[in-house]
2 protein chains.
Amino acid sequence: MDLFSFLNSVNITSPQAKEALEQITQVKSYSKNEIIQEIGSRCKTIYFVQEGRARIFYYKNGNDITEHFAFRNDLIVRAESLFTGKPTSKGIQAIEQTNIVGINSDSLFKLYDKHHDIERLFRLLFEREYVNTVKRIESLQFKSAKERYVELLETTNYVQKIPLKHIASYLGITQVSLSRIRADLQ
Amino acid sequence: MDLFSFLNSVNITSPQAKEALEQITQVKSYSKNEIIQEIGSRCKTIYFVQEGRARIFYYKNGNDITEHFAFRNDLIVRAESLFTGKPTSKGIQAIEQTNIVGINSDSLFKLYDKHHDIERLFRLLFEREYVNTVKRIESLQFKSAKERYVELLETTNYVQKIPLKHIASYLGITQVSLSRIRADLQ
DNA sequence: ATGATTATTTATCATTTGTTAAAGGAAATC
DNA sequence: GATTTCCTTTAACAAATGATAAATAATCAT
């Protein structure tokens, strides 16, 4: 389910809450490869991708690793920072020209006190993210690289045009390995 | 931080809320290897381990795979069912004699409407679980089996006495492989 | 369009992990 | 405490993936 269908289906935010939410919301455009959030920063913004593609990434032994992809209508946050207040060694980058909605988290968390329905809305949103993360573990824990790649292709329509190296590191393998797997699948 | 320090540090539940929570809470004892929640069931209970060790597990190609460990003071739920209402192919099992607190989730979710502070408490608890899950992905995605094993030993005091096969599958490797890694580490 | 840069494939060899089987240890049951 | 069952280690070989390098292919900037 995409974000907007979800918002409609939960349908719990009052007009006042919607108004308050809008006031802490910003839409921004990022060009291809532009950094949305720097590595080492604290996550103080909750993003929703309107159009385009973005990723969470970090460096391990000098290698650029994609931890997460976000496509149209996806939520994207660096949870390990947002929910702890600590800085994170991960960043967010636009993969291509991307329009993104940003909500300031400090302001949002303050709204939680006034608007129970906003707290509930975001609780439900993050519960969905949590479930997605659990499913990702299932995949990484005992599926082969080939299985993981096929699964990604099947569950995601947005993988086209994403550089192979990003897909490879997302799957936990090298790009050479992924290239081999693709050749194998022909 | 363990559960009880956390509960004290957030300190947001009113006496009425605590009273209401207690009424939907049950303490149970399970013997070694006893099934706490059957594979295929829906997750309708949120558990906290008081004493002992438990695990979430499932079968893949006939192999018993441990997806998650829970020790003293840990929360344990099958998120992919609790937050979707769907049945899950995972179960929960006591690894040894274990005392566990269970909270009925249907009742809990109803309490959310009456007691904002209960909803908040559990939102915060599950946010912490979500963060743990994200960290687990980092580990599975690009660390070697040996790194993952050393990390597990370093971050967890409760791994002793857990059968090697459970630890191995948790790390995403075979028990033979883990045995090799242990020999290597001597 | 052209040249420069970046992305992808292919090949070779090294390393890690899986598979199977067997043996040795530890623990539970009677 | 003997026996059975379960757990852990070791060994030998197979398969998957990593590392490095080189060759194509695609894209970008001027």
Side-chain angles (χ1 to χ4, degrees), chain A residues 30-35 52-53 55 57 59-66 69 93-98 137 139-153 158-186, chain B residues 30-35 52-53 55 57 59-66 69 93-98 138-153 158-186:
Chain A
Y30 293 89
S31 52
K32 183 171 176 178
N33 293 332
E34 192 175 347
I35 298 298
R53 298 171 170 87
R55 68 185 187 111
F57 71 106
Y59 291 97
K60 155 136 188 170
N61 304 333
N63 295 312
D64 175 328
I65 294 178
T66 296
F69 288 122
Q93 184 184 36
I95 296 173
E96 58 186 76
Q97 158 65 39
T98 296
I137 284 185
S139 178
L140 284 169
Q141 198 179 353
F142 259 105
K143 288 183 180 159
S144 70
K146 191 187 284 184
E147 284 177 298
R148 297 201 294 278
Y149 178 60
V150 170
E151 182 183 57
L152 182 68
L153 290 181
Y158 303 93
V159 185
Q160 290 84 5
K161 294 219 176 189
I162 292 180
L164 206 66
K165 64 179 171 187
H166 294 341
I167 299 175
S169 70
Y170 177 81
L171 295 172
I173 55 178
T174 62
Q175 52 187 324
V176 175
S177 233
L178 179 53
S179 191
R180 217 163 11 196
I181 285 168
R182 288 171 102 182
D184 217 71
L185 285 173
Q186 301 291 330
Chain B
Y30 294 89
S31 52
K32 184 172 176 177
N33 293 331
E34 192 174 349
I35 297 298
R53 299 171 169 86
R55 68 184 187 113
F57 72 106
Y59 291 96
K60 153 134 189 171
N61 303 333
N63 295 313
D64 175 328
I65 295 178
T66 297
F69 287 123
Q93 185 185 34
I95 295 172
E96 58 185 77
Q97 159 64 39
T98 296
E138 231 179 288
S139 178
L140 284 168
Q141 196 179 355
F142 258 105
K143 288 183 180 158
S144 70
K146 191 186 285 184
E147 285 177 298
R148 297 201 294 279
Y149 178 60
V150 170
E151 183 184 56
L152 181 68
L153 289 182
Y158 303 92
V159 185
Q160 290 84 3
K161 295 217 175 188
I162 293 180
L164 206 64
K165 63 179 171 186
H166 294 341
I167 298 175
S169 70
Y170 177 81
L171 296 172
I173 56 178
T174 61
Q175 50 186 328
V176 175
S177 234
L178 179 53
S179 191
R180 218 165 8 198
I181 285 168
R182 289 172 103 184
D184 216 72
L185 284 174
Q186 301 292 329

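Numbered from 1 within each chain, the chains take letters A, B, ... in sequence-line order.
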- Note on the structure: When every non-hydrogen atom of A:Phe57 is compared with those of A:Asp64, the smallest separation belongs to CB-OD1, 4.0 Å
- Note on the structure: Under a 4.0 Å heavy-atom cutoff, the residues of residues 173-186 of chain B touching DNA chain C are B:Ile173, B:Thr174, B:Val176, B:Ser177, B:Arg180
Sort me out a list of protein N/O and nucleotides 28-30 of chain D N/O pairs below 3.5 Å, or just none if empty.
| from | atom 1 | to | atom 2 | distance (Å) |
| --- | --- | --- | --- | --- |
| D:dC28 | OP1 | A:Lys32 | NZ | 3.1 |

- Query: Going from CG on B:Leu171 to NZ on B:Lys146, what distance comes out if it is rounded to the nearest 0.5 angstrom?
  - Reply: 13.5 Å
- Locate the shortest heavy-atom distance separating B:Ala94 from B:Ser31; write the atom from each residue and the value. CB-O, 3.6 Å
- Task: Please assess A:Ile95 against A:Phe69 for the test side chain to side chain contact (heavy atoms under 4.5 Å, CB included), listing each intermediate value before the final yes or no.
- Result: CA-CA 9 Å; A:Ile95 296 173; A:Phe69 288 122; 3.8 Å; yes
- Checking A:Arg55, A:His166, A:Arg53 against A:Gln93 for side-chain hydrogen bond (donor to acceptor under 3.5 Å, both in side chains), the one that qualifies is A:Arg55
- Whole angstrom value for the distance that separates P of D:dC7 from CD of B:Gln160: 18 Å
- Message: Reading DNA chain C from 5' to 3', where do the contacts with chain B start and stop? Cut-off is 4.0 Å to heavy atoms.
- Response: C:dT17 to C:dA28
- With sequence neighbours left out, the residues meeting ring pair (Phe, Tyr, Trp, His ring centres under 6.0 Å) with B:Tyr149 are none
- Message: What I want to find out is whether A:Glu151 reaches A:Lys143 closely enough, with some N-O distance under 4.0 Å, to be called a salt bridge.
- Response: yes
- Message: Regarding B:Lys165, tell me which of base, sugar-phosphate or nothing describes its non-hydrogen contacts under 4.0 Å with the strands shown.
- Response: sugar-phosphate
- Note on the structure: In short, A:Arg148 meets A:Leu140 closest at the heavy-atom pair NE-CD2, 3.9 Å
- Task: Tell me which of A:Pro163 and A:Phe142 sits closer to the 5' end of DNA chain C, going by the nucleotide each one is nearest to.
- Result: A:Pro163
- B:Lys165: partners by side-chain hydrogen bond (donor to acceptor under 3.5 Å, both in side chains), with sequence neighbours left out: none
- Message: Distance check, rounded to the nearest 0.5 Å: A:Leu152 atom CG versus A:Tyr158 atom OH?
- Response: 13.0 Å
- Query: Short question: side chain of B:Gln141, backbone of A:Thr66 - any donor-acceptor pair under 3.5 Å?
  - Reply: yes
- Query: Bend across the helix from C:dA1-D:dT30 to C:dA23-D:dT8, to 10°, with axes taken over 5 pairs at each end?
  - Reply: 50°
- Taking A:Gln97 for the side chain and A:Gly52 for the main chain, is one N or O donor matched with an acceptor at less than 3.5 Å? no
- Want to settle it: does A:Ile162 or B:Asn63 sit nearer the 5' end of DNA chain C, counting the closest nucleotide to each? A:Ile162
- Atom of A:Val150, atom of A:Leu185 and distance for their closest heavy-atom approach: CG2-CD1, 4.1 Å
- Taking CZ from A:Arg148 and P from D:dT17, how many angstroms apart are they, rounded to a whole number? 7 Å
